[in-house]
**Q** 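Submitted below is the structure of interest, expressed as structure tokens.
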Number of protein chains: 2
Amino acid sequence: MALFDRDGYDATTVDDIAAALGIGRRTVFRYFASKADIVWGEFDAELARLDRHLRDAPDGEPLFDCLRRAVVATNHFGAGELGELRVRIRLIESVDALVAHSAVRYAEWRRVVAVFAARRLGGEPDDLPAETLSRAALGAATAAFTCWVRRGDDNLSGDLDQAFELLARGFSLPEPPHRRSAAT
Amino acid sequence: MALFDRDGYDATTVDDIAAALGIGRRTVFRYFASKADIVWGEFDAELARLDRHLRDAPDGEPLFDCLRRAVVATNHFGAGELGELRVRIRLIESVDALVAHSAVRYAEWRRVVAVFAARRLGGEPDDLPAETLSRAALGAATAAFTCWVRRGDDNLSGDLDQAFELLARGFSLPEPPHRRSAAT
DNA sequence: TCAATTTATAACACTGGATGCCAAAATGGA
DNA sequence: TCCATTTTGGCATCCAGTGTTATAAATTGA
């Protein structure tokens, strides 16, 4: 990650990485399925946490509230880790090779959400409602991450809140009299 | 495309394609920026059409109605072309390399929608609302395509209708007696 | 009609990610 | 200490993608 940050993702070859680690190039590919996976790190664990949060969600809680809470919870890092996360997301969104790879990882994310959505909406995870919801939810989450990184503040949770709120409301405009003035 | 369909995308090398066309391998890359772009075909033209439809949308029409109409219109193919489209989409969704590449093309699609969304929602295309909407809309569109291909019928427009309707309603359940009063 | 210029083609070489194969090195008992 | 298992990494190979360059084709101008 230090090399990527310093020299850029494309300019850093796997040979460079292997050399910096003092290991063989072939060994790098034993620990990471691809160069892109180095940036994605422990995404599998994050997915598992998301899955657990969604399973544990109480049935009464509104659909998007569950999702928002689960996504916020699985992305709740300490102040020290936020900087690291920012670097990773900036890379993932700006480097073409990583943007491309992200589609494969996001498909796994969607699957987890689709299974949850099917339980709530009825039908199968492969049906249109669950499929649409999982993709829209991914859109909301990534939009929040994107805007958070772009602005550079530290209110990731707030952005996630807003994004899921927009989705839940069907993007209806400002919304008239309404007690919760937080999101607008 | 015939080679991809017959032998599979990965098993078909660019050399194979060049040989089948009776041209040089280097020449293939003059006409297509990448192997994946061969499958995507005239996506640029499709994007331009989407953009045109969204620009022409009347201001009074509800947000998601514009989007639904524009997406349906830009993907309205004749009966003969639908088979071809099905093959293309199935490839794009099943081959990892194409799934990955799709993220780059979809980013262009989102940009067009984000510009439109910013006009309607206020703010800039880079702001959270437009960003979220464009990503959610992409989710709805791709969900419809996915389910359409999966089921194998010929009601693509119907699926697109449903997906955008779900989005507009915030995925609220079946919906009680309700004429269509803008938003929930 | 014939040169002159431009553009299209394609051969060649090279980079860099990814994978299969296999031998050497490290590890861990017994 | 010896054997078995795992880890490591060197080597060769494949393939996508790119720069360079010579040649062929098309276009333009006189």
Side-chain angles (χ1 to χ4, degrees), chain A residues 1-45 47 87-109, chain B residues 1-47 87-109 111:
Chain A
M1 286 302 297
L3 290 183
F4 289 157
D5 200 24
R6 199 191 55 184
D7 304 333
Y9 180 83
D10 289 325
T12 306
T13 71
V14 176
D15 280 302
D16 292 338
I17 297 165
L21 293 172
I23 63 178
R25 162 202 170 70
R26 197 69 181 74
T27 306
V28 174
F29 283 108
R30 172 179 316 280
Y31 289 99
F32 298 97
S34 70
K35 184 184 171 185
D37 269 316
I38 298 174
V39 179
W40 279 83
E42 8 49 45
F43 184 69
D44 287 341
L47 255 195
V87 170
R88 282 228 306 271
I89 293 187
R90 205 190 304 272
L91 266 182
I92 287 174
E93 289 187 343
S94 62
V95 178
D96 253 25
L98 291 173
V99 169
H101 182 76
S102 68
V104 178
R105 307 311 301 262
Y106 285 152
E108 303 164 17
W109 192 95
Chain B
M1 285 304 297
L3 290 182
F4 288 157
D5 201 25
R6 199 191 56 186
D7 305 331
Y9 179 83
D10 289 326
T12 306
T13 70
V14 176
D15 279 302
D16 294 338
I17 297 165
L21 293 173
I23 62 177
R25 163 203 168 69
R26 198 68 182 75
T27 306
V28 173
F29 283 109
R30 172 180 317 283
Y31 289 99
F32 300 96
S34 70
K35 185 183 171 185
D37 268 316
I38 297 174
V39 180
W40 279 83
E42 9 50 42
F43 184 70
D44 287 341
E46 204 166 302
L47 255 196
V87 171
R88 283 228 307 270
I89 293 186
R90 205 190 304 272
L91 267 182
I92 287 174
E93 289 186 345
S94 62
V95 178
D96 253 27
L98 290 173
V99 170
H101 183 75
S102 69
V104 178
R105 307 311 301 262
Y106 285 153
E108 304 165 16
W109 193 95
R111 187 69 200 169

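By convention in this document, chain letters (A, B, ...) are assigned in the order of the sequence lines, proteins followed by strands, and residues within each chain are numbered from 1.
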**Q** Rounded to whole angstroms, how far apart are OH on B/Tyr31 and P on D/dG17?
**A** 18 Å

**Q** Please give, in whole Å, the distance from C/dG16 C1' to A/Ile38 CD1?
**A** 13 Å

**Q** Nearest whole angstrom, please: distance from the P of D/dA25 to the CD1 of B/Ile23.
**A** 16 Å

**Q** Figure out the CG/C1' separation between A/Asp15 and C/dA18, and round it to whole Å.
**A** 12 Å

**Q** Choosing from C/dA18, C/dA8, C/dA10, which nucleotide comes nearest the side chain of A/Phe29?
**A** C/dA18

**Q** Is any side-chain heavy atom of B/Leu91 closer than 4.5 Å to one of B/Met1?
**A** yes

**Q** Considering every strand and a 4.0 Å limit on heavy-atom distances, what is the contact class for A/Thr27: base, sugar-phosphate, or nothing?
**A** base

**Q** Test for a donor-acceptor pair under 3.5 Å between the base of D/dG17 and the side chain of B/Arg26, counting only N and O atoms.
**A** no

**Q** Do the side chains of A/Arg105 and A/Asp44 get close enough for a salt bridge, i.e. N-O under 4.0 angstrom?
**A** yes

**Q** Separation of A/Asp16 atom CG from C/dG16 atom P, in whole Å?
**A** 8 Å

**Q** Working note: B/Ile38 + B/Val28, criterion side-chain contact (heavy atoms from CB on, under 4.5 Å); need CA distance, chi angles, decisive distance, verdict.
**A** CA-CA 9 Å; B/Ile38 297 174; B/Val28 173; 4.3 Å; yes

**Q** Does the separation of the ring centres of B/Phe4 and B/Trp40 fall below 6.0 angstrom?
**A** no

**Q** Does the C/dA18 base have a donor-acceptor partner in the side chain of A/Arg25 within less than 3.5 Å?
**A** yes

**Q** With heavy atoms under 4.0 Å as the rule, sort B/Phe32 into base, sugar-phosphate or nothing.
**A** nothing

**Q** Atom CG of A/Asp96 to atom P of C/dG17: distance rounded to whole Å?
**A** 15 Å

**Q** Quickly work out the B/Asp10 CG to D/dC15 P distance and round it to whole Å.
**A** 11 Å

**Q** How long is the line joining NZ of B/Lys35 and C1' of D/dT18, in whole Å?
**A** 17 Å

